[in-house]
Structures are given as C-alpha cells and as structure tokens.
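The chain is numbered in sequence order, starting from 1.
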Amino acid sequence: MNEYDIELDEQFKKQINALRDIFIQKQPIQKDGTFSPELVKETSIEMLDYIIEDKASLSALKDWMEEHDFWTSPASTRFHGNVKGGLAAHSLLVAVQALRFAESFAANFAISKRSDRFAFTAEDVFISGFAHDFCKAGTYATESKKTKDFNGNWKYEPYYKTKSDLRNLGHGNESVLLLLESMPQLLKRRTVIEAISRHMGFSDLAPMETYNYSNLLQNPLVLLIQLADQSAAQWWDL
C-alpha cells in the first residue's frame with residue numbers, strides 16, 4: 001500500500017464536507033476578509049448545531065458565548081480582526097481553514113509511525129479551531145484618543161484596549177479553561193486540549209514548557225490548528 005491508497009473514515013469525511021458546505025452556502029466571510037457579523041453568527045450556530053453531539057453542552061456553549069460578548073468582541077487591539085465581531089469571524093475562519101486542511105492532514109498522518117497513537121474526529125477539528133481564542137471574548141474595552149484628520153482638525157477616534165483588570169493564565173491555556181466551563185467532557189479529549197493550548201506555538205510558552213514542546217507536536221491536531229490560525233490571519237488578514 002502506498003500513501004495514495006489510504007482511505008479515511010467515511011464518517012469523518014462526511015462530517016468535514018458537510019461543515020464546509022454550510023460555510024460555502026452561507027458565505028459569511030468574503031475573499032477580501034470582509035464579513036457580515038450576522039451571517040458569521042448564523043453560520044457558526046448552524047455548524048455547531050450540526051457537529052456537537054452533546055446537546056446539553058451545545059446549549060451551555062451558546063449561553064457562554066452570549067454572556068461573554070463572543071459575537072461582538074474584536075480579535076485583537078491592532079492586528080487581525082480588530083473590529084467589532086472580529087473574534088467570531090476569525091474563530092469561524094480558523095475552524096473552516098482547519099476543515100479545509102483536515103483530510104490531507106489525516107491521510108498524511110495515517111502513514112506515519114505514530115498513526116496508532118492519535119485519533120481525532122471532525123468535531124475535534126471544528127471545536128479546536130472555533131474555540132482556540134475564547135480567551136479574547138470580553139477582554140477588550142473601547143476607549144477614544146484625540147487625533148487629527150487630513151485637514152488638521154482634532155477629533156476623537158475609538159480604539160480597543162485590553163482591560164486593565166484582565167486575569168489570564170496564558171493565551172492557549174485560558175481558552176482551554178473557558179471552553180471547559182461549558183464542555184467539561186473535553187477534559188478527557190487530550191488531542192483537543194493540546195491543540196487549543198498550543199495553537200500559538202513557541203510564542204505562548206513559559207521557559208520550562210519548551211522542554212517537552214516537541215512531544216506536543218506529535219499530535220497532528222496541534223499542527224493543524226497552528227496552520228489554520230496562521231493562514232487565517234496572514235492569508236485572509238482575519
């Protein structure tokens with residue numbers, strides 16, 4: 001058997017393609033990175049309804065997103081998605097990018113020597129991508145600064161700033177913690193926990209954590225979400 005003979009689980013492929021079809025039909029995010037906040041929310045909810053099997057957790061997750069201003073928060077203060085609703089748009093796009101790469105990732109990993117050590121589902125892929133930045137929900141405040149327009153007139157311009165009383169355990173780890181508030185059963189799905197926790201790569205590690213970082217990269221979902229996050233931000237500016 002060569003690498004082109006690998007057949008992926010039919011349920012995995014069916015769910016991956018079904019999720020992608022929902023996004024394609026709704027078209028909430030355009031090629032230039034512009035998006036409709038209303039369509040982003042509608043599309044995200046439809047995809048979550050489709051893929052999350054535990055409906056009690058699904059309901060709790062929806063409540064959490066409403067309570068934490070997930071749908072209106074920006075994705076950053078001055079980088080990608082630094083607009084109202086940017087976090088939800090970025091989160092959805094990262095999940096979709098992960099879905100786009102998922103089949104080739106899974107097929108390639110299936111021919112590796114560690115293929116019997118890790119397994120992930122379509123639900124794992126979507127949740128890992130969608131929840132990777134939960135730590136940003138409700139963490140930014142809107143302030144204003146005095147600037148001059150092109151005519152030299154002073155005006156007040158709004159901008160986002162991280163709240164001064166923010167408590168955070170680290171970018172990835174905080175997102176894991178917040179996701180577990182509504183989906184505690186994920187505590188036993190190590191591949192998902194690692195993918196969210198380590199989606200920032202080396203940039204979000206304490207010095208002592210770097211010693212076993214290469215072990216985490218053996219998990220294909222870690223690399224998949226890193227690629228999805230970087231491609232969403234750098235290729236789509238979102």
For [X] and [Y], work out which heavy atoms get closest and say how close.
X      : Y      : answer
Ala98  : Ala228 : N-CB, 3.6 Å
Ser128 : Val192 : OG-CG1, 3.5 Å
Leu221 : Asn219 : N-OD1, 2.9 Å
Asp237 : Gln234 : OD1-O, 3.9 Å
Gln97  : Trp235 : NE2-CE3, 4.0 Å
Ala195 : Ile225 : CB-CG1, 3.9 Å

To the closest 0.5 Å, what do you measure between [atom1] ([X]) and [atom2] ([Y])?
X     : Y      : atom1 : atom2 : answer
Met47 : Ile22  : CE    : CD1   : 6.0 Å
Ile52 : Ser57  : CD1   : OG    : 7.5 Å
Leu93 : Ser231 : CG    : OG    : 7.0 Å
Glu38 : Thr43  : CD    : OG1   : 11.0 Å
Leu19 : Ile24  : CG    : CD1   : 11.0 Å

Worked check of side-chain contact (heavy atoms from CB on, under 4.5 Å) between Leu223 and Phe105: CA-CA 9 Å; Leu223 290 170; Phe105 247 76; 3.9 Å; yes
Trace of the ring-ring contact (aromatic ring centres under 6.0 Å, His included) decision for His90 with His132: CA-CA 10 Å; His90 171 69; His132 78 286; 5.0 Å; yes
Trace of the salt bridge (charged side-chain N to carboxylate O under 4.0 Å, His left out) decision for Glu194 with Arg190: CA-CA 6 Å; Glu194 290 180 352; Arg190 180 82 187 195; 2.8 Å; yes
Do [X] and [Y] touch side chain to side chain, with heavy atoms closer than 4.5 Å?
X      : Y      : result
Pro28  : Leu92  : yes
Val125 : Gln15  : no
Ser91  : Phe134 : no
Leu179 : Ile127 : yes
Val94  : Trp236 : no
Lys26  : Val40  : no
Asp124 : Thr121 : yes
Val83  : Pro74  : no

Criterion side chain to side chain donor-acceptor pair (under 3.5 Å) on Asn173 and Ser197, from CA distance to verdict: CA-CA 5 Å; Asn173 290 333; Ser197 174; 2.7 Å; yes
Less than 4.0 Å between a side-chain N and a carboxylate O, is that true for [Y] and [X]?
X      : Y      : answer
Lys41  : Glu66  : yes
Glu123 : Arg189 : yes
Asp49  : Lys62  : yes
Lys13  : Glu103 : no

Residue Lys55 excluded, over 12 heavy atoms near NZ under 6.0 Å: yes
If hydrophobic clusters are built from ILVMFWY residues whose side chains come within less than 4.5 Å, do [X] and [Y] share one?
X      : Y      : answer
Phe109 : Ile111 : no
Leu227 : Ile16  : yes
Leu178 : Leu186 : yes
Phe118 : Val176 : no
Leu39  : Leu99  : no

[Y] backbone acceptor or donor facing [X] side chain under 3.5 Å:
X      : Y      : result
Asp69  : Thr72  : no
Glu53  : Tyr50  : no
Lys136 : Ala75  : yes
Ser175 : Cys135 : yes
Ser59  : Ala56  : no
Ser73  : Gly138 : yes

Intermediate values then yes/no, side-chain contact (heavy atoms from CB on, under 4.5 Å), Leu48 and Met65: CA-CA 12 Å; Leu48 289 166; Met65 290 189 290; 3.7 Å; yes
Test log, rule side-chain contact (heavy atoms from CB on, under 4.5 Å), inputs Trp71 and Ser44: CA-CA 10 Å; Trp71 302 112; Ser44 300; 3.6 Å; yes
side-chain contact (heavy atoms from CB on, under 4.5 Å) between Arg198 and His171, intermediate numbers included: CA-CA 9 Å; Arg198 294 298 178 243; His171 195 85; over 6 Å; no
Whether Phe126 and Phe130 hold their rings parallel, tilted or perpendicular, with breakpoints at 30° and 60°: parallel
Geometric class of the Trp64/Phe70 ring pair [parallel <30°, tilted 30-60°, perpendicular >60°]: tilted
